[in-house]
There are 2 protein chains.
Amino acid sequence: MTTSREQIIEKTCELLEIQGYHGTGLNQIVKESGSPKGSLYYYFPGGKEELAVEAIQQAGTMVLKRIRHNLSLVDDPAIAIREFIMNIAINVERSGYAKGGPITTIALETASSSEQLRAVCDQIYQDWQKAFSEKLQTVHLPERAASMSTLIIAAIEGGVILCRTSKSRNPLERIAEEIYFLVGS
Amino acid sequence: MTTSREQIIEKTCELLEIQGYHGTGLNQIVKESGSPKGSLYYYFPGGKEELAVEAIQQAGTMVLKRIRHNLSLVDDPAIAIREFIMNIAINVERSGYAKGGPITTIALETASSSEQLRAVCDQIYQDWQKAFSEKLQTVHLPERAASMSTLIIAAIEGGVILCRTSKSRNPLERIAEEIYFLVGS
DNA sequence: GTCTATACACTGATAGAC
DNA sequence: GTCTATCAGTGTATAGAC
């Protein structure tokens, strides 16, 4: 069972990822989600900002689950993380270089203009960082695991930008290899 | 001597960096730059897109010069790059976490919607990558230098996002240290 | 709960006087 | 070259019928 509310959030996640916050209009969301505009403000009285907060939260949580799941498949952190990044590269390519980094654009666009959205993005990045850090602590000291995790997340976010901009999965593939060296050494 | 044209470009660079492409209106650019709207379309008949292309190009070139200059100050690539990243961290903090990554947001926002802007951002990233790569080739093989450079640029772009989102210069500082280990090993 | 109609500000862009 | 006035379109948000 898919409610109107869920359809709206789902479509918002997709459009925000491709077009960003200011590039995505509410009209487009209601039109493409097939839900009526009346429902949008019924479910999200706070308007666009509230809707974006929920969408970003959902997208961030889904990615967190994927990180945890993928990293649990392989014992060696270096290999597990390399494969995870390689998967992202393939997914970015599959989307025609339109998707990848579901919260990246919003984090940048709204960091200075919406305290709410900034805080949500900040929390999500912290959650991701913790997930990588826990895995890395099986072979590294906690402090080093923490800084490695920060580098990994930054490199993935930046790598997605380079892939989308160059229309090539090559940047993330190179990054995956370099991170593999760093984590394994 | 500062012409209207230069004032407009200057202000556009600043606003695009803080607010992104869709978040920045032409009225705001005209108003804050002190130039008349009539001049905008006189100098940039292609409208917003043409103006953004010139602004991005100028910002990208300035960064390229800064990369080359900073990397030339120290012989050891590992130290030079670490100091460069540390400087970025300080500058992001100084701007109140509003600036940093003059082309990042535009690259993400327009990669799928404007072929012109995508191409310009792509070229700029390639120029930056080449600058790092040349420095790294003094101690690494060409292929390795290339992939390290890609990681460095991605890590900086992503690191700026993390700093702005968390309102802390800590992420870029951690990243600087990790990159130092990687390049120096 | 859902839908239509609409208010009202603002967008990018243009025309024409000066 | 510069400026004002203004266009058509779209943005978010709201009101009120059903």
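Values reported hereafter were calculated over all heavy atoms of this structure, with side chains retained and with hydrogens, waters and symmetry mates removed.
We find that A:E14 and A:K11 are joined by a salt bridge, their nearest charged nitrogen and carboxylate oxygen being less than 4.0 Å apart. Taking the charged nitrogens against the carboxylate oxygens, B:E54 and B:R5 do have a contact shorter than 4.0 Å, which makes a salt bridge.
Looking at which nucleotide of DNA chain D each of B:G34 and A:G23 is closest to, the 5′-most match is held by B:G34.
A straight line from NE2 of B:H22 to P of C:dG12 spans 9 Å, rounded to a whole angstrom. Atom P of nucleotide D:dT12 and atom CG of A:L15 are separated by 12 Å, given to the nearest angstrom. Straight-line distance from the CD atom of B:E49 to the C1' atom of C:dG12: 12 Å, rounded to whole Å. Counting to the nearest Å, the C1' atom of D:dA13 and the CD atom of A:Q28 are 18 Å from each other. Taking atom CG of residue A:L26 and atom P of nucleotide C:dA5, one finds them 19 Å apart after rounding to whole Å. In this structure, A:K48 places its NZ atom 8 Å from P of D:dA13, rounding to the nearest Å. Across the protein-nucleic acid pair, B:K37 atom NZ and C:dA15 atom P stand 14 Å apart, rounded to whole Å. Atom CG in B:L51 sits roughly 10 Å away from atom P in C:dA13 (whole-Å rounding).
For A:S39 and C:dG1, the shortest distance from a side-chain N or O to OP1 or OP2 is not below 4.0 Å. OP1 or OP2 of C:dC10 has not a single side-chain nitrogen or oxygen of B:N27 nearer than 4.0 Å. Dashed line: the shortest gap from a side-chain N or O of B:Y43 to OP1 or OP2 of D:dT2 is under 4.0 Å.
You'll find the side chain of B:T24 reaches within 4.5 Å of the side chain of B:I29, heavy atoms only.
Of the candidates D:dT4, C:dA5, C:dT2, C:dT2 carries the atom nearest the A:Y42 side chain, counting heavy atoms from C-beta on. In this structure, the nucleotide among C:dT2, D:dA13, C:dA13 sitting nearest to the side chain of A:Y41 is D:dA13.
Contact annotation for A:G47: backbone-only contact, meaning every heavy-atom pair under 4.0 Å involves sugar-phosphate atoms and none involves a base. Across all strands, B:G38 comes closer than 4.0 Å to base atoms (heavy-atom distances).
Taking the ring centroids of A:F84 and A:F132, they lie under the 6.0 Å cut-off.
Defining each end axis of the helix from C:dG1-D:dC18 to C:dC18-D:dG1 as the rotation carrying four pairs' C1' atoms onto the next four, with five pairs an end, the two axes are found to diverge by 10° to 10 degrees.
Remark: the A:Q19 side chain and the B:S112 side chain contain no N/O donor-acceptor pair separated by less than 3.5 Å. No side-chain N or O of A:E17 forms a donor-acceptor pair with one of A:T105 less than 3.5 Å apart. Neither side chain, B:T110 nor B:R118, offers a donor N or O lying under 3.5 Å from an acceptor on the other.
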